[in-house]
There are 2 protein chains.
Amino acid sequence: MAVSGRGPRERMVFSAAQLIRRDGVAATGMREVAAHARAPRGSLQHYFPGGKEQLVNEAVDWAGRYAAKRVARFLAALPEPTPGALFAEMVRQWTDEYETTGFGGGCPVAAATVDCAESAASTREAASAAFTHWTGAVARALSGMGVPEERAGPLATLMISSLEGAILVARAEQDVRALTTVSRELGPLLDAAVDRTG
Amino acid sequence: MAVSGRGPRERMVFSAAQLIRRDGVAATGMREVAAHARAPRGSLQHYFPGGKEQLVNEAVDWAGRYAAKRVARFLAALPEPTPGALFAEMVRQWTDEYETTGFGGGCPVAAATVDCAESAASTREAASAAFTHWTGAVARALSGMGVPEERAGPLATLMISSLEGAILVARAEQDVRALTTVSRELGPLLDAAVDRTG
DNA sequence: CCGCTACTATGACAGCGGTCATAGAGGGTG
DNA sequence: CACCCTCTATGACCGCTGTCATAGTAGCGG
């Protein structure tokens, strides 16, 4: 996994997200992040004077924006966009990863929530913001598919909650079963929400 | 939170589950567990010669059995048992806790999965077993309500995945919104799965 | 060359973590 | 009393972690 984003700073944030999603926040050391990013250790205190908390927060923030961008990209790639198809695509990103590279990682936002929700207020807020970003992107996508405004938000929350939970279960079981199940079970419900009166 | 289960051993397992669900596995120390359980520190190596990993595994196992028992209890308490009502009750356990005692804790099994899935194989297996126990209890409950056999398993997985994810989101946002949303959105879908041909 | 800024390089420190070693109580049984 | 088994009590060890302090290098404008 040769990390080669542009600047050292970006690489460290990216590496932090990668390591966090694999081992959790507490088990991820700063020296480890720097090494993984092939960045000098001395740069840590230069780019992240706020210490580990700042680095973690930026990693979570990055993950939230990344997830939101993915939604838009999925949307553009779908030949016939429906809510169920979007959800299937979101799920497929995870089944693909798990089937090819193994069950090594989960969602970094989930990891940050589990590890820091009670101990670090700013990180909890970062996770909240990440979920909000992500949910907003999904809700907008649903609206664009004809889902009524007042239904888009709740359904987006349902999609993300189910996905996050299924990721957890799949990782524990080392089996994508939970992921494929939620996709199959939720698909019809989601598709039924599009307004066909137009 | 005066812990007063029967033996010191049981108390330590229980305390471990409590602390893990709040701070995560890595951030929970053994000395801390003993102190929280009002158990002598020297008992740690006596009751858990397998070290922290054993203690964590037992805590996860305990949580899985507890969750399964709760399902049976919810079932017995429901006046008119339907899948949607059971799910609403499972969700309500969490909204109640969050509204009364705050967003201090999540699911210990989720925490163990996030923190140990990659680093400790035995803990990952314990988490998998916990989910299996829990899912089995829910599936049996659904079957008892008239849900066809082949639908009970997938729906149970959907319920638990959605619940776990909603717990995560709710904790990050410090708002039970995600929990109430998944309950409301999934209720009709679940109730529609009961076989009414009898 | 000076001075300034951005970045890097190390080493040290203090704290905490899990684990081990060793020894001590308590209470039954022979 | 001697013996043993269960449980408890400490203290020490070692490794790791986040953070700080200090010093060094690179490049650039003047």
Side-chain angles (χ1 to χ4, degrees), chain A residues 3-20 22-60 111-112 114-116 118-124 126, chain B residues 3-60 111-112 114-116 118-123 126:
Chain A
V3 184
S4 55
R6 285 216 324 283
R9 215 200 116 102
E10 254 179 298
R11 291 207 309 273
M12 284 195 272
V13 172
F14 182 75
S15 287
Q18 275 194 279
L19 295 174
I20 286 170
R22 207 178 55 188
D23 302 319
V25 172
T28 297
M30 312 238 82
R31 292 166 171 83
E32 191 186 358
V33 170
H36 182 276
R38 279 167 179 69
R41 177 163 90 79
S43 300
L44 278 171
Q45 72 178 292
H46 183 252
Y47 289 117
F48 307 96
K52 186 176 188 177
E53 194 164 330
Q54 181 187 355
L55 176 57
V56 171
N57 293 358
E58 295 203 20
V60 169
V114 164
D115 277 354
C116 310
E118 191 63 8
S119 57
S122 71
T123 303
R124 203 220 74 235
Chain B
V3 182
S4 55
R6 286 215 324 282
R9 213 199 117 101
E10 254 180 299
R11 291 208 310 273
M12 284 195 273
V13 173
F14 182 74
S15 287
Q18 275 194 279
L19 295 175
I20 286 169
R21 99 195 188 91
R22 208 179 55 189
D23 302 320
V25 172
T28 298
M30 312 238 79
R31 293 166 170 85
E32 190 186 358
V33 170
H36 183 274
R38 279 168 179 70
R41 176 163 92 79
S43 300
L44 278 172
Q45 72 178 293
H46 183 253
Y47 289 118
F48 308 97
K52 185 176 189 177
E53 193 165 331
Q54 182 187 355
L55 176 57
V56 171
N57 293 356
E58 295 203 19
V60 169
V114 163
D115 277 354
C116 310
E118 190 64 8
S119 57
S122 72
T123 303

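Source: prediction; values computed, not measured. In what follows, every chain begins at residue 1, and chains take the letters A, B, ... in the order their sequences are listed.
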Give the rounded distance in Å between these two atoms: [atom1] of [X] and [atom2] of [N].
| X | N | atom1 | atom2 | answer |
| --- | --- | --- | --- | --- |
| B:Met12 | D:dC7 | CE | C1' | 10 Å |
| B:Glu10 | D:dC7 | CD | C1' | 17 Å |
| A:His46 | D:dC20 | NE2 | P | 15 Å |
| A:Asn57 | D:dG18 | CG | P | 14 Å |

Contact between [X] and [Y] at the side-chain level, heavy atoms closer than 4.5 Å - yes or no?
| X | Y | value |
| --- | --- | --- |
| A:Gln54 | A:Asn57 | no |
| B:Tyr47 | B:Val13 | no |
| B:Ser43 | B:Arg9 | no |

Let me know which of B:Asp23, B:Val114, B:Val25 forms a side-chain contact (heavy atoms from CB on, under 4.5 Å) with A:Val114.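 Considering B:Asp23, B:Val114, B:Val25, a side-chain contact (heavy atoms from CB on, under 4.5 Å) with A:Val114 is found only for B:Val114.
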Per-nt protein contacts along nucleotides 14-28 of chain C (heavy atom under 4.0 Å; B base, S backbone sugar-phosphate only, - none) come out as ----BB-B-------
Minimum heavy-atom separation for B:Ala59 and B:Ile20, please, with both atom names. CB-CD1, 4.3 Å
Apply side chain to side chain contact (heavy atoms under 4.5 Å, CB included) to B:Glu58 and B:Phe48, showing your working. CA-CA 10 Å; B:Glu58 295 203 19; B:Phe48 308 97; 3.9 Å; yes
